[in-house]
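Letters A, B, ... mirror the listed sequences (proteins, then strands); counts begin at 1.
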Number of protein chains: 2
Amino acid sequence: MYNKELLKGTLTTIVLKLLAKEGKMYGYELAQKVKEMSDEKILLKDGSLYPALHKLTKDGLLQFEEQYIGKRVRKYYYLTPAGTEREQVESEQLKAFMSTLKNMLFPDFNFQLQ
Amino acid sequence: MYNKELLKGTLTTIVLKLLAKEGKMYGYELAQKVKEMSDEKILLKDGSLYPALHKLTKDGLLQFEEQYIGKRVRKYYYLTPAGTEREQVESEQLKAFMSTLKNMLFPDFNFQLQ
DNA sequence: ATCAATACATTGTATTTCTATGTATTTACA
DNA sequence: TGTAAATACATAGAAATACAATGTATTGAT
């Protein structure tokens, strides 16, 4: 894991973006997906993820439906229309910020296309 | 200016990196340089920058020397050896984090080489 | 049977940057 | 010459965020 502070400000964008891509996901699944996609470098903690999901829900950007797998509950979260709009805005902002940072700090570095 | 939260975790890296590039700078100069290099998109506030400089100094990563321009004082900050080391570490961390984010969220986007 | 993994949750803490406010000097220009 | 804008520093308090620690409970593997 990197310097923890770096994640600040990007967590909700990551969540919104993944839900936009994948349709619906539950918390644990989201954390696993981020872990996998980041090559184990971004490890979302429960204490970050669940409060973030609750806040996004409270703000009307997410909804969820419960599914029971035996006795265990899963809350599948998905974007509301407002969430879809927000996802686009935040993605653009983050992309622009990253472009700016790259040009300021790493003008010669070539971020790999994988 | 972007979402304010995005800057979190990157401010000290920006300061260290610019000082590594430029040798020595004073606070106001740093803020202007960031404003210029970011095309007016990153506007460091006094309330962010000066406390950050004080903290980096307290932590032994920066030193400063005062210069008087008439009666007005300027504090020229520069990296200590520890600061130089830290700059390298933080730059690498930030670069790696940005690579990861890019691959996760914007795999098809081509961050321009300018 | 037991341990690891799955799946949810909350409280309190630490850190960070910003807002607001302040002092004072220098420069531009009307 | 007077005034506004820019220069240059500073601090106190507020707001936001992610984390650490802790908790409950179920399921799957051995």
Is the distance between the ring centroids of B:F111 and B:F109 less than 6.0 Å? yes
Expressed in angstrom and rounded to an integer, what is the separation of A:I42 atom CD1 from D:dT17 atom C1'? 16 Å
Does either side chain, that of A:S91 or that of A:E87, offer a donor lying less than 3.5 Å from an acceptor on the other one? yes
So, B:T57 versus B:Q63: side-chain donor-acceptor pair below 3.5 Å or not? no
May I have the distance from A:L53 (atom CG) to C:dA7 (atom P), rounded to whole angstrom? 14 Å
Have a look at B:I69 and say if it touches a base, only the backbone sugar-phosphate, or nothing, with a 4.0 Å heavy-atom cut-off. sugar-phosphate
From C-beta outward on A:H54, which listed nucleotide comes closest to its side chain: C:dT16, D:dC9, C:dA9? C:dA9
DNA chain D: A:G70 or A:T10, which has the more 5' nearest nucleotide? A:T10
Is it the case that C:dT15 (base atoms only) and B:K8 (side chain only) share a donor and an acceptor within less than 3.5 Å, ignoring hydrogens and angles? no
When we call it a touch if two heavy atoms are under 4.0 Å apart, what does B:G47 touch: a base, just sugar-phosphate, or nothing? base
Categorize A:K71 for me: base, sugar-phosphate, or nothing, with a 4.0 angstrom heavy-atom threshold over every strand shown. sugar-phosphate
Which of the following nucleotides, D:dA10, C:dA7, D:dA6, is nearest to the side chain of B:Y77? D:dA10
Between C:dA9 (P) and A:Y26 (OH): distance, integer Å: 14 Å
Can you check the B:K55 NZ to C:dT15 P distance for me, whole Å? 8 Å
Could you please name the option among C:dT6, C:dA9, D:dC9 that lies closest to any side-chain atom of A:D46? C:dA9
Between C:dA7, C:dT17, C:dC8, which nucleotide gets closest to the side-chain atoms of B:L11? C:dT17
Are any non-hydrogen side-chain atoms of B:V34 and B:I14 less than 4.5 angstrom apart? yes
Would you mind telling me which of C:dC8, D:dC9, D:dT7 lies closest to the side-chain atoms of B:Q32? D:dT7
